[in-house]
Amino acid sequence: MDPRGIEHRSGLSRERAEEVAIAALAHLAEDPEVLGRFLTATGLGPETLRAAASQPGFLAAVLEYLMGDESQLLVFAERQRLRPTMIAAARHALDPLADQG
């Protein structure tokens with residue numbers, strides 16, 4: 001319910017969290033093998049990726065996937081000059097209810 005630009009408890013605005021997630025998706029797409037693992041894990045195909053990207057929760061899922069692959073997480077964080085905890089904060093900003101329950 002937070003409007004764009006309002007900081008969440010994570011300290012990131014939704015807009016900034018989306019930027020991080022889009023960069024993460026671009027990072028995954030740089031390497032066909034890495035992208036293939038992502039597509040396999042999500043059940044998506046190259047032909048359905050664009051449609052899936054417009055769905056609510058997709059960007060949070062990209063970050064969740066990245067957080068599950070420590071080596072890719074660390075490479076991405078280094079390239080983006082982010083602390084790995086900022087990726088978790090971005091995921092939380094995109095889907096704050098995911099941690100509940």
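Start at 1 with the first residue, then count along the sequence.
- Annotation: side chain of Met67 is in contact with side chain of Ile87 (closest heavy-atom distance under 4.5 Å).
- Applying the salt bridge (Lys or Arg N to Asp or Glu O under 4.0 Å) definition to pairs two or more places apart or across chains, none involves residues 45-54.
- With sequence neighbours left out, the side chain to side chain contact (heavy atoms under 4.5 Å, CB included) criterion links Ala24 to Val62, Leu63, Leu66, Phe76.
- Cluster annotation: Val75 is not connected to Leu82 through the hydrophobic network of ILVMFWY side chains, with a link wherever side-chain heavy atoms come within less than 4.5 Å.
- A search for side chain to side chain contact (heavy atoms under 4.5 Å, CB included) contacts involving Thr48 returns Leu44, not counting sequence neighbours.
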Please lay out, stage by stage, how Val20 and Gln80 fare under the test side chain to side chain contact (heavy atoms under 4.5 Å, CB included).
CA-CA 9 Å; Val20 171; Gln80 295 294 312; over 6 Å; no
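- When atom types are taken as modelled, the side chain of Arg14 and the backbone of Leu94 share a donor-acceptor pair closer than 3.5 angstrom.
- For Phe58, there are no ring-ring contact (aromatic ring centres under 6.0 Å, His included) partners at least two apart in sequence or on another chain.
- With sequence neighbours excluded, the residues forming a side chain to side chain donor-acceptor pair (under 3.5 Å) with Glu33 are Arg37, listed by chain and number.
- Placement of Leu35 and Ile22 within a single hydrophobic cluster is found when ILVMFWY residues are connected by side-chain heavy-atom separations under 4.5 Å, directly or transitively.
- Across all non-hydrogen atoms, the minimal contact from Phe38 to Leu49 is CE2-CD1, 4.1 Å.
- The side-chain hydrogen bond (donor to acceptor under 3.5 Å, both in side chains) contacts involving residues 69-78 comprise His27-Gln72, Asp69-Ser71, where partners must be two or more places apart or lie in separate chains.
- Closest non-hydrogen pair, Arg16 versus Ser13, comes out as N-OG, 3.0 Å.
- Of all heavy-atom pairs between Ala60 and Asp95, the closest is CB-CB, 3.7 Å.
- Within the structure, salt bridge (Lys or Arg N to Asp or Glu O under 4.0 Å) contacts touching residues 79-90 (residues at least two apart or in different chains) are Glu30-Arg79.
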